[in-house]
Amino acid sequence: MKHTRIRPFNTKDTYPEQNIDNDLCQAVVAKGSTVFLRGQIGQDLDTSESVCIGNVKGQAEQAMHNINMLLAEAGGELADICKITIYIIDPRYREEVYRVVGRWLKGVHPVSTGIVVSALARPEWLVEIDAIAVI
């Protein structure tokens, strides 16, 4: 691994009552160039159009696609991610969103924080994901 991951775990062990399979850890010791990504939502970065209106899973896929694309443009990759923060507007979206994120970050073990908020910047956005990576 590119960075030292402290106390890695999988959410299927930590939250057995939920259908989530995310590789996370408690802390990351990183070296290199730090990349702070703006929170990504269900928006096409080339057109600025919102996508997957009413579909939290689709919006999470688009957000992760954007994160992957932006990291590549910065000279990095998903394996460089050290910290993610996931904002959802309804706690019932948690499992769907975390399954999507878990697929994209399988084997990465970032530090993760999940937050339920009353709203995001636009009413059609259901999830926002930001990331910090060290290349």
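If you read the sequence from its start, that first residue is 1, and numbering goes on from there.
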Taking the side chain as everything from C-beta on, heavy atoms only, tell me whether [X] gets closer than 4.5 Å to [Y].
X     : Y      : answer
Ile67 : Ile81  : yes
Ile41 : Arg122 : no
Thr11 : Gln18  : no

Establish whether [X] and [Y] are linked, either directly or via other cluster members, by ILVMFWY side-chain heavy-atom contacts under 4.5 Å.
X      : Y      : result
Ile89  : Trp125 : yes
Val101 : Val51  : no
Leu45  : Trp104 : yes
Ile129 : Val134 : no
Val116 : Ile86  : yes

Over all heavy atoms of both residues, which pair between [X] and [Y] is shortest? Give the atoms and the distance, please.
X      : Y      : answer
Asn55  : Leu126 : N-CD1, 3.9 Å
Leu71  : Glu77  : CD1-O, 3.5 Å
Ala74  : Ile135 : O-CD1, 3.4 Å
Gln62  : Asp44  : NE2-CA, 4.0 Å
His109 : Leu24  : ND1-O, 3.1 Å

Output the distance between atom [atom1] ([X]) and atom [atom2] ([Y]), rounded to the nearest 0.5 Å.
X      : Y      : atom1 : atom2 : answer
Thr85  : Asp130 : OG1   : CG    : 4.5 Å
Ile115 : Tyr87  : CD1   : OH    : 4.5 Å
Gln40  : Glu128 : CD    : CD    : 8.0 Å

Quiz item: Would you say Gln59's side chain and Glu124's backbone share a donor-acceptor pair under 3.5 angstrom?
Solution: yes

Quiz item: Ignoring hydrogens and geometry, is there a side-chain-to-backbone donor-acceptor pair from Glu95 to Asn19 under 3.5 Å?
Solution: yes

Self-check item: Stepwise side-chain contact (heavy atoms from CB on, under 4.5 Å) check, Asn22 with Leu105
Solution: CA-CA 8 Å; Asn22 292 27; Leu105 299 181; over 6 Å; no

Exercise. Decide side-chain contact (heavy atoms from CB on, under 4.5 Å) for Leu70 and Arg38; before the verdict, give the C-alpha distance in whole Å, the side-chain angles of both, and the deciding distance to 0.1 Å.
Key: CA-CA 10 Å; Leu70 291 168; Arg38 182 173 190 254; over 6 Å; no

Quiz item: So, Asp21 and Arg99, do they make that salt bridge, N to O below 4.0 Å?
Solution: no

Quiz item: Just wondering, are more than 12 heavy atoms of other shown residues or ligands nearer than 6.0 Å to NZ in Lys57?
Solution: no

